[in-house]
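Below is one structure, written out as C-alpha cells; the observations come after it.
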Amino acid sequence: MTKVTAKKQKTYSFRLDPDQGQILWESKKHRIIPIESIKELRFSSDARYYRQQFQLAQQYEDRWMTIIYLLDGQYKTLHLIAHTKDVFQMWDITLRKLYAIRQELMSGLGNVEMREAIWEKQCWKAADEESDQKLTFEDVEKLCKRLNINSSPDELSRLFKQADSQQHGYLDFTDFQRFVKFLKARPEIELLHKKLCATNSGKLGFETFAKFMRDTQKAGISAGLQQLFLRYTMKSISQGSSDSSSSTTSLPQNKMTSPPLSASPQPLTTTPSSSRFSSPSNADTSESTMSLDGFTSFLLSSDNSAFTDQNSKIWQDMTHPISDYFISSSHNTYLTGHQLVGTSTIEGYIRALLHSCRSVELDIYDGDNEPMIYHGKTFTSKVPLRDICSAIAKYAFVTSPYPIIISAEIHCSLPQQELMVEIMRSVFGDALVSAPVDDRPQIDILPSPEKLKGRVLLKAKNLYVSENEPIRAKEVTLDTESSSTETSASDSDMVHEIKNEWKKAKIADKEAVKELRDEFRKARNLFHRVKNHSSIPAAISSVKSHDVPSAKPSGKTKMSMSVASLLVYTVGVKCRGINKKEHYAPEHIFSLSENTANKILKQGSAGATGTSMMDLIKHNKTHLVRTYPKGTRLSSSNYLPHRYWSAGAQLVAINWQTFDLGYMINHAMFQRNGRAGYVLKPEALRIADKDQLARRTQHFLNVTVISAQQLPRPKDALGREIVDKSIVDPYVEVSIHIPDWTHSPYPNESTISLGQSPPTSTPSLIATYRTNAVKNNGFNPVWQESMRIPFDCVGGMQDLIFVRFAVRRDGENDDEPIAVYCVSLGSLAMGYRHLPLHDTQASQYLFSTLFAHFAIHDA
C-alpha cells in the first residue's frame, strides 16, 4: 500500500498479524503498531479531512485508510492508500474485527477465555521462531525470560517435562497450554479458597459463598446470588465454556488459527445491581460446590469488578437541571501539545468527543475568508472553524447522546461573527439551540440533560449583558477568561507570571530553564507586538430596532446580535462576586481561572473578594460555572479537578492532550454513568441542607496489596519490546487524593508516606503508601502487604475522593510507572478484587491485573 505523509508518498509492504495482534512494515526501521494501541480507524470518506489536507484527488477516497494510534505517549497517524479495492476491503473488514475484539477486552474484566486464548497465541507465536509448531526447552527458557518469569532452570525443566504429555522432548500447542496453566498457578487464591472451604468440611458450598459475598465483598445482594454461584460451579465442571459475562465466541485453543471474524464482541451486560445475575439453570445449590478453578474464574470476572459502575448503560437520573451534574470538559480542545507553539487540529475535538467530553473550547479569530481557530497571540497553527464544526457535528453524539456545550472565546470582527453564526447554523442545523426548548420566554430553571439530548449549546460572553451590568463603588472583580477587550496590562501580567515560573525552575531544573527562557522570549516579543493594538475602535452592527436589547449597549460593545441570539442557556457574563447584592439569571455562566478559584476555595467564609467556598457551592446549585487552567501551564499540564468539583463547579476544563494525574482523575470520574459525560453531583452539593456540608467524618482505607499478574513489558520508541530490560523489581504505590473540603483549607500539595498506621486521620490532600519490591519478577509477583490510609470526608462525598494505584520499578528514577489504575473511592468495590491495569495514557492493558483486598473503617 502507499503510505502518505505531508512530504511524500511511498509504497511499502504491510502485514497484519492477528496472532501477535500487530500491524508491521519495513521502512528504514522495523515498524510495529499493536492493535491495542489503535485509538481510531477511519476509512474512505471518514478520512476525507486528511485526503483534502494532502491535496489528493477524490479517486483515492474509496481506498483510503487512516489509523490513529498511540506510540511512546504520543498520538500518531498512519495514512494508507490500498492499490486495489479488494485489498482495501480485506483490511477494512479484518482490522475492524480485530480492533473491536481488543476494544471489548480493554473495557474492564471478563471474557476470560478469549483473553487467555489471545495471550496464549501471542506467546506461542513469539516463542515458535522457526514456525515448526514445536517448542524446545531452550525456546521455553527464552519465552520465560521475556515474560519476566524468574523460576530456576530446574523448576522450569520439571514443568516442561510435566507438560510434555507424549514425552516428545518438545511441546506442541496443546502441551504448551498445559505448561502455561502451570506457570499461571495462583497460590494466593488457592490459600483463600482453602480458608473458605475450611468452614464447610473442605468444600465451598452455597452458604459459605453467600457469607463471603455478604461479609467480605459487601455485595449487598440476595436475588440472583444462587444463579451466580451455580454459574461458576458449572464453569468448574464444564471445560472450555465461554465466559459468563459475554456471549462472545471463544477463540479456538487447539489450533493455530486467527480469531474468527464472526466473533465480534457483544457489549458487556453487567450492572451494579443484582439484576445482572441471570440463571443458567434451575439446578439445586444444596449439593453444588465451587472448585478452585470456578472460584478463580469468579474473582477474575466482571461479576466481581472492582469498579461498581462497570456498566455500559447510563443509569443515573438525567432529568435534574443541568446544573446538578459534573460535565466532562476540555480546555483549548484544538491543541495537541504546547500552549504557545502546539499544533491546532480537529483531532483534539474528535479524541475528546469519543471519550465522552461534553464541553469543548473554541478560540475564534478572523481568517482570510472564514473564521479560524487557534491560540491567540501565540505561534500555534490554525484550523478553519468550519472544519472543526463539521468534526463536532460528526462525533458529538457517537459516545453519549447528551448535550454538547461549545465554549467560545470570540475575537473576530463583526462580519466574521456573522459568518461564524452562518457556519454553525449550516453545520449543526436543528441541533443548535437558538431558543428555549420548552418555548417559555422566561427561563426560571435550567433544563435537564434529558431535555437537551442531541443538542448543541453555544456558550460565549454576551457583551450586551456584561457591558450593562451596574458598576458599584469599591467593586472587586474576579479574574475571568480573557475576551476581545483584554488590555495590554493582562499581557504584562502574563509576562510577569512567566518570569516567576522561570525563577522557580532555575533552581529546580536546568532543562526547564532553557525551555522557559525560550517561551519568555517568545511571550515578550508577542507582548511588544500587540501592546499598541489592544485598543480598537468599537462598533456594533446595524440591527433593526426591535432586535436591540432594552438597555442601550455601551460604546465598547462589539458583538453581533446574531451571536447573542444563540446564547440561550449558557450566557457568559463577568463574575462580580457572589453575594446578596449581585443577581445572576439562571442562564448566566461565568468562568474562573485556576488562580481565582483557588483563592475562593481557601475562604471558608466571605473574605476580601466577598466570595467564599460556601457562597460558590450555593451558587452552583442553580447556575453553571466553568473553571480553566492558569495561563502559565505552558506545557498544557493540568490542575486536580476534584478540588473544584468539591465546590460544585460543573465545567472543570482540563487539557485532554496531557496524560497527567489531573487527566487521570478526570478520566476516572467520567468512566461512571455509562460514560455519558454527565455525572450527578453528590446530594450535599445539590440540596439546600447546610447540615450535610457541616458533617465531617474520619475514616481509614485498609488496602492489602496481594499480587500482580503479567505486568507489561517495556517498549522502545518504535513500539518494540525491550527484552534486556524486561526483568523488573516491582512495587506498588497507593495514594489517596482528597479535595479541599470546606471548614479548613488544606496545604495545596502536601504528601505523606505512611509507614506504620498513625492513630488518627490526617487532613492531607495526598496520602501515599508503597509496598516493598519483589525481586526479578514481573509475571506473578506476590506482596501480601497491608496498609492503613487515613482520609477525611465531608457530607459523605466519597465520590470526590480518588485512589490511585501505581506499579513502579524499584531503584529507577523514572516518573512514569509500569502501570496504573485510578478510581473514585465511591466507585471502588470492597473485598477481594482484581484491578485492570492501564498505561499512563489511560488505555487498559489486555492481560495485566493487580489483586488486592479493600475495606473502609471509621477512625
Aromatic Tyr731 / basic Arg808 pairing, under 6.0 angstrom, 45° off normal: no
Side chains of Leu711 and Val807 in contact at under 4.5 Å (non-hydrogen atoms): yes
Side-chain (Arg833) to main-chain (Leu850) donor-acceptor, under 3.5 angstrom: no
Neighbour count above 12 (heavy atom, 6.0 Å) for Lys621 NZ: yes
Rounded distance (nearest 0.5 Å) linking atom OG of Ser637 with atom CG of Leu661: 11.5 Å
Within-4.5 Å side-chain heavy-atom neighbours: Met318 and Asn673: yes
Lys/Arg-Asp/Glu bridge criterion (N-O < 4.0 Å) met for Arg696, Asp792: yes
Pro641 side chain reached by Met669 side chain, heavy atoms, under 4.5 Å: no
Check: Gln316 and Arg672 side chains under 4.5 Å, non-hydrogen atoms: yes
Atom of Leu800, atom of His642 and distance for their closest heavy-atom approach: O-CD2, 3.7 Å
Tyr232 and Phe298 aromatic ring geometry - parallel, tilted or perpendicular at 30°/60° bounds: perpendicular
Chi angles and distances behind the side-chain contact (heavy atoms from CB on, under 4.5 Å) call for Leu651, Ile405: CA-CA 10 Å; Leu651 297 150; Ile405 299 172; 4.1 Å; yes
Side chain to side chain, Phe659 and Ser843, heavy atoms closer than 4.5 Å: no
Test side-chain hydrogen bond (donor to acceptor under 3.5 Å, both in side chains) applied to Asp309 and Trp315, step by step: CA-CA 9 Å; Asp309 205 354; Trp315 60 272; 2.4 Å; yes
His737 ring center near Phe802 ring center (under 6.0 Å): no
Min side-chain heavy-atom separation Thr849-Leu837 under 4.5 Å: no
Phe805 ring center within less than 6.0 Å of Tyr769 ring center: no
Closest non-hydrogen atom pair between Leu292 and Glu190, with its separation: CD1-CA, 3.7 Å
Straight-line distance of Asp810 CG to Asn772 CG, nearest 0.5 Å: 9.0 Å
Pair Tyr639-Thr627, side-chain donor/acceptor within less than 3.5 Å: yes
Ring geometry between Tyr325 and His320 (parallel below 30°, tilted from 30 to 60°, perpendicular above 60°): perpendicular
Heavy-atom side-chain proximity of Thr840 to Pro817 below 4.5 angstrom: yes
Stepwise side-chain hydrogen bond (donor to acceptor under 3.5 Å, both in side chains) check, Asn304 with Gln217: CA-CA 9 Å; Asn304 192 51; Gln217 303 300 88; 2.9 Å; yes
Atom pair SG/CZ of Cys357 and Arg675 - distance to nearest 0.5 Å: 15.0 Å
Euclidean distance, Gln650 CD relative to Tyr678 OH, rounded to 0.5 Å: 10.5 Å
Arg770 versus Ala773, closest heavy-atom pair with distance: NH2-N, 4.1 Å
His834/Phe851 aromatic ring centres below 6.0 Å: yes
Name of the residue among Ser356, Pro449, Ser448 meeting side-chain contact (heavy atoms from CB on, under 4.5 Å) with Tyr402: Pro449
Shortest non-hydrogen contact between Val782 and Val774, atoms and distance: O-CG2, 3.5 Å
Under 3.5 Å donor-acceptor, Thr399 side chain and His355 backbone: no
Polar side-chain atom of Ser330 near backbone of Asn655 as donor-acceptor pair, under 3.5 Å: no
Parallel, tilted or perpendicular, as decided by the 30° and 60° cut-offs, for the rings of Tyr663 and His667: parallel
Chi angles and distances behind the side-chain hydrogen bond (donor to acceptor under 3.5 Å, both in side chains) call for Glu450, Thr319: CA-CA 6 Å; Glu450 191 66 31; Thr319 62; over 6 Å; no
Short side-chain to backbone donor-acceptor contact, Thr216 and Met213, under 3.5 Å: no
Side-chain H-bond candidate by donor/acceptor type, Trp645 with Asp799, under 3.5 Å: no
Distance (rounded to the nearest 0.5 Å) between His331 NE2 and Asn638 CG: 9.0 Å
Check: Val705 main-chain N/O paired with Glu785 side-chain donor or acceptor under 3.5 Å: no
Check against side-chain hydrogen bond (donor to acceptor under 3.5 Å, both in side chains), Ser707 and Glu188: CA-CA 8 Å; Ser707 62; Glu188 72 278 22; 2.7 Å; yes
Lys/Arg N to Asp/Glu carboxylate O, Asp660 vs Arg633, below 4.0 Å: no
Within 6.0 Å of NZ in Lys184, more than 12 heavy atoms from elsewhere: yes
Closest approach of Ile687 to Gln692 (non-hydrogen atoms, all atoms of both residues): CD1-NE2, 3.2 Å
Heavy-atom donor-acceptor pair, Ser302 side chain to Ser305 backbone, under 3.5 Å: no
Thr704-Ser786 side chain donor-acceptor pair, cut-off 3.5 Å: yes
Tyr644 and Asn598, any side-chain heavy atoms less than 4.5 Å apart: yes
Exam field: side chain Arg809 to backbone Pro730, donor-acceptor pair closer than 3.5 Å: no
Aromatic ring proximity, centroids under 6.0 angstrom, Phe791 and Phe700: no
Parallel, tilted or perpendicular, as decided by the 30° and 60° cut-offs, for the rings of His193 and Phe295: tilted
Arg115 (side chain) donor-acceptor with Gly110 (main chain) under 3.5 angstrom: yes
Expected output: side-chain Lys618 to main-chain Ala688 donor-acceptor under 3.5 Å: no
CA sep, side-chain torsions, deciding dist, call: Phe212, Arg214, side-chain contact (heavy atoms from CB on, under 4.5 Å): CA-CA 6 Å; Phe212 169 74; Arg214 182 180 62 251; over 6 Å; no
Nearest non-hydrogen partners of Phe326 and Phe670, listed with the distance: O-CE2, 3.5 Å
Side chain Ser848, main chain Tyr845, donor-acceptor under 3.5 Å: no
